[in-house]
K.L.:
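One structure, as structure tokens, below. Some questions next.
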Amino acid sequence: MSEHESWRSSGLQAWKTRVRSLAGEASEAYLQQVDDPAQLTLAAYADVRMQRWSDGRVLAIGDCAHAMSPQLGQGANMALIDAAALADALGNAGDQH
Ligand SMILES: Cc1cc2nc3c(=O)[nH]c(=O)nc-3n(C[C@H](O)[C@H](O)[C@H](O)COP(=O)(O)OP(=O)(O)OC[C@H]3O[C@@H](n4cnc5c(N)ncnc54)[C@H](O)[C@@H]3O)c2cc1C
């Protein structure tokens, strides 16, 4: 049985108990609005795990190097940090590349 099927068969009250244990009182107003599993949407994601970061003069940065769940709200930040770090490294490397 998949994790999602197991979640559905456990029922909404079991899920609410779990959410309360993780988020406490902060979750209560939200939980009171949910009375049917159909109100919730399953979001599934795959991790990107690179075996190497570059191939010759081609370098992976941003989502193609480390895509992550949109809910984390960090993908754009990390892509910009990658670009800034790459620009710094190239600037410091002078003319050798
Ligand atoms: C629904 C959703 C919500 C998100 N919310 C947030 C958020 O709140 N905060 C946050 O920081 N991040 C968020 N992200 C993640 C963020 O959008 C990405 O991490 C970020 O855009 C990655 O930038 P990138 O330049 O690596 O890739 P991308 O932005 O995907 O840019 C890649 C570009 O390459 C182009 N391209 C692809 N193939 C080719 C090709 N063969 N030739 C030429 N061009 C090509 C594509 O068209 C695209 O324009 C969210 C993502 C999603 C899906």
Side-chain angles (χ1 to χ4, degrees):
M1 181 184 289
S2 75
E3 198 174 336
H4 186 236
E5 289 166 0
S6 168
W7 173 83
R8 288 189 71 93
S9 65
S10 299
L12 210 50
Q13 287 312 316
W15 172 72
K16 287 188 177 187
T17 300
R18 173 90 175 120
V19 172
R20 286 188 185 101
S21 76
L22 293 170
E25 286 180 28
S27 61
E28 206 51 50
Y30 169 72
L31 291 177
Q32 285 177 10
Q33 299 172 49
V34 181
D35 53 19
D36 185 335
Q39 291 173 267
L40 303 170
T41 302
L42 173 69
Y45 302 99
D47 289 333
V48 172
R49 295 183 189 192
M50 303 290 283
Q51 293 180 353
R52 56 185 179 169
W53 304 99
S54 63
D55 184 5
R57 294 170 58 86
V58 177
L59 177 68
I61 63 172
D63 272 10
C64 82
H66 45 65
M68 62 183 69
S69 159
Q71 273 92 342
L72 294 175
Q74 288 298 314
N77 291 333
M78 292 187 64
L80 290 169
I81 290 169
D82 288 352
L86 176 60
D88 277 353
L90 290 174
N92 291 334
D95 292 333
Q96 57 186 304
H97 291 286

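These numbers were taken from a predicted model, which means no experiment stands behind them.
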K.L.:
Indicate the atoms forming the closest heavy-atom contact of A60 with M50, along with that distance.
P.N.:
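Smallest interatomic distance, heavy atoms only, reads CB-CE, 3.6 Å.
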K.L.:
What salt bridge (Lys or Arg N to Asp or Glu O under 4.0 Å) pairs are there with at least one residue in residues 15-31, not counting sequence neighbours?
P.N.:
R20-E28
K.L.:
Please test M78 against M68 for side chain to side chain contact (heavy atoms under 4.5 Å, CB included), starting from the C-alpha separation and ending with a verdict.
P.N.:
CA-CA 10 Å; M78 292 187 64; M68 62 183 69; 3.1 Å; yes
K.L.:
With sequence neighbours left out, what residues match A76 under side-chain contact (heavy atoms from CB on, under 4.5 Å)?
P.N.:
none
K.L.:
Do D82 and L86 have side chains that get closer than 4.5 Å, going by heavy atoms?
P.N.:
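Side-chain contact under 4.5 Å: no.
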K.L.:
Could I get the full list of side-chain contact (heavy atoms from CB on, under 4.5 Å) partners for S54, not counting sequence neighbours?
P.N.:
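Testing S54 for side-chain contact (heavy atoms from CB on, under 4.5 Å), a comparison that skips the adjacent residues, returns L59.
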K.L.:
Which residues satisfy the side-chain contact (heavy atoms from CB on, under 4.5 Å) test with P70, sequence neighbours excluded?
P.N.:
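Per chain and number, P70 pairs via side-chain contact (heavy atoms from CB on, under 4.5 Å) with Y45.
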K.L.:
In chain order, what residues pass the side-chain contact (heavy atoms from CB on, under 4.5 Å) check against D36, with sequence neighbours excluded?
P.N.:
A38, Q39
K.L.:
If Ile, Leu, Val, Met, Phe, Trp and Tyr residues are connected whenever their side-chain heavy atoms lie under 4.5 Å apart, and connections chain through other members, are V19 and L40 in the same group?
P.N.:
yes
K.L.:
Without placing hydrogens or testing angles, list every side-chain donor-acceptor pair under 3.5 Å for residues 6-13, not counting sequence neighbours.
P.N.:
| unit_1 | atom_1 | unit_2 | atom_2 | d |
| --- | --- | --- | --- | --- |
| S9 | OG | E5 | O | 3.3 |
| S9 | OG | S6 | O | 3.1 |
| S10 | OG | S6 | O | 2.9 |

K.L.:
Output, in order, the C-alpha distance, side-chain angles, deciding distance and verdict of side chain to side chain contact (heavy atoms under 4.5 Å, CB included) for W53 and I61.
P.N.:
CA-CA 8 Å; W53 304 99; I61 63 172; over 6 Å; no
